[in-house]
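Notes follow the structure.
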Amino acid sequence: MKVAVLEYLTGGGMPTDANSLALYREGMAMLSALAIDLALCGHDVHTCLDGDKATRTSSILGGSHVHEVDRKNDDESWMDRWIEVALLCDQTIVIAPEIHQKLEYIVDRIRGAGARVLASSGAFLQATSDKLATANLFKQSRVPHPSTQTLSQFLTSIDPDQLQDNDDESVVTLKRRDGAGCVDMKVFDSPRILTEWLTNRTSRSLIGDDWIVQQWLAGRPASMALLVSDSWQLLGAVDQRIALENHPTQTEYSEVSYLGGTGPLAGVCIEQLMSLANQVRDALPSGAAGWIGIDFLVPNEAASSKDLVVIEVNPRLTTSYLGYRKWYGHTLADALLGNTTFTDRKDVLSQQLIEFDLSSL
């Protein structure tokens, strides 16, 4: 099978500069891992790389056909090239962030051109890429989830007199409504501190409906990965390594960083995980497909799936692939395409220790 693996950060969608270098390395790690695994499964892999990176890095992609993308300023020449490559192939896998609806847009463009894309339906992508939409759907279906509101709603609901007198408010986080991972996430010790920060000059550019304010709940951050076609197939679950670091110049908040993961997840059984996954599935629009990640919290002494709290749903391949391939080997790529099924995963929480560290990329 001819398979196109198209990764946004490395394939021309975003120029590489000092600020995006870490993201570029993360994107390249996902791209190379999947490309190598697909090639080992016997597939003919095609990918796109931006400019001179095509020459310098093609050797790490396991013999894949590398198509160079000539990125001209801020136009979409890269998107046109992606479509050309996708049309050459039997199947296309897109790795792209939800920010600014990029994932939805890219999938829609490639599908609109007539190429096959292993991705969820537009309705599912829209509901999971918009964190406010996700929160509203979870609230309607009573899926455990932190209370969520837009920044505008938060500011409207705040009582200034109450904030002045109360220093014991709950910790809150400010994040992009269409964010990916921990990008631009900020944690404030109280709504009062967040409100005061919002009055300063550096934060006035924030658009109230493009950001959400969410409870910051205590617990062990974790994630599970599923392969979805006709059914939701659990691959496993891992602890997430999340760091809170003080901003060097803004003392009001801490910045959130995702450092990687360690598995298998202890203290949660397969039945709990599948119960939570089924709740998520039933709350969201139909049409999920491919790699789906669910980020959640494990409170201390969680006794059932009702105790687990869903944070967000990632409708795309994530860096957790780097860990799960250590469990499943290169056949994980074939399973993603639907060519292999892991029928018995009863041992999925008791396999050997895996760890993936983004700082080493």
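We're numbering straight along the sequence, starting at 1. All values reported here derive from a predicted model rather than from experimental measurement.
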Pair W197-L174, side-chain contact (heavy atoms from CB on, under 4.5 Å): steps then yes or no: CA-CA 11 Å; W197 179 79; L174 178 70; 3.7 Å; yes
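- Side-chain atoms of W82 come within 3.5 Å of backbone atoms of G11 as a donor-acceptor pair (strictly under, hydrogens ignored).
- Partner H43 forms a side-chain hydrogen bond (donor to acceptor under 3.5 Å, both in side chains) with one of D37, D334, D90 and no other, that one being D334.
- A distance-only check finds no donor-acceptor pair linking the side chain of Q101 to the backbone of E104 [under 3.5 Å].
- Judged by distance alone, the side chain of R220 and the main-chain N or O of A266 form a donor-acceptor pair under 3.5 Å.
- The backbone N or O of F138 lies less than 3.5 Å from no partner atom in the side chain of S141, so there is not a single donor-acceptor pair.
- Under the 4.5 Å side-chain heavy-atom criterion for grouping Ile, Leu, Val, Met, Phe, Trp and Tyr, W232 is connected to L265 within one hydrophobic cluster.
- Taking a cutoff of 4.0 Å between a charged side-chain nitrogen and a carboxylate oxygen, D130 and R177 qualify as a salt bridge.
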Working for side-chain contact (heavy atoms from CB on, under 4.5 Å), residues Y253 and I193: CA-CA 8 Å; Y253 61 82; I193 296 174; over 6 Å; no
Q214 and T173: CA distance, side-chain angles, deciding distance, side chain to side chain donor-acceptor pair (under 3.5 Å) verdict: CA-CA 5 Å; Q214 203 168 63; T173 180; over 6 Å; no
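- Within the 3.5 Å criterion, the main-chain N or O of G260 finds no donor-acceptor partner in the side chain of D357.
- No donor-acceptor pair under 3.5 Å is formed between the side chain of S190 and the backbone N or O of S170.
- The closest donor-acceptor contact from the side chain of Y328 to the backbone of L235 lies under 3.5 Å.
- Not one N or O on the side chain of H46 forms a donor-acceptor pair closer than 3.5 Å with the backbone of H65.
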Evaluation steps, salt bridge (charged side-chain N to carboxylate O under 4.0 Å, His left out), between R316 and E98: CA-CA 9 Å; R316 55 179 170 80; E98 300 93 315; 2.8 Å; yes
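- Looking only at distances, a side-chain donor or acceptor of T47 sits under 3.5 Å from a matching main-chain atom of V5.
- Remark: R325 CZ to I354 CD1 distance equals 11.5 Å, nearest 0.5 Å.
- With hydrogens and angles ignored, the 3.5 Å screen pairs a side-chain donor or acceptor of K131 with a backbone N or O of G179.
- Note on R142 versus D282: no salt bridge recorded, every NZ/NE/NH1/NH2 to OD/OE distance being 4.0 Å or above.
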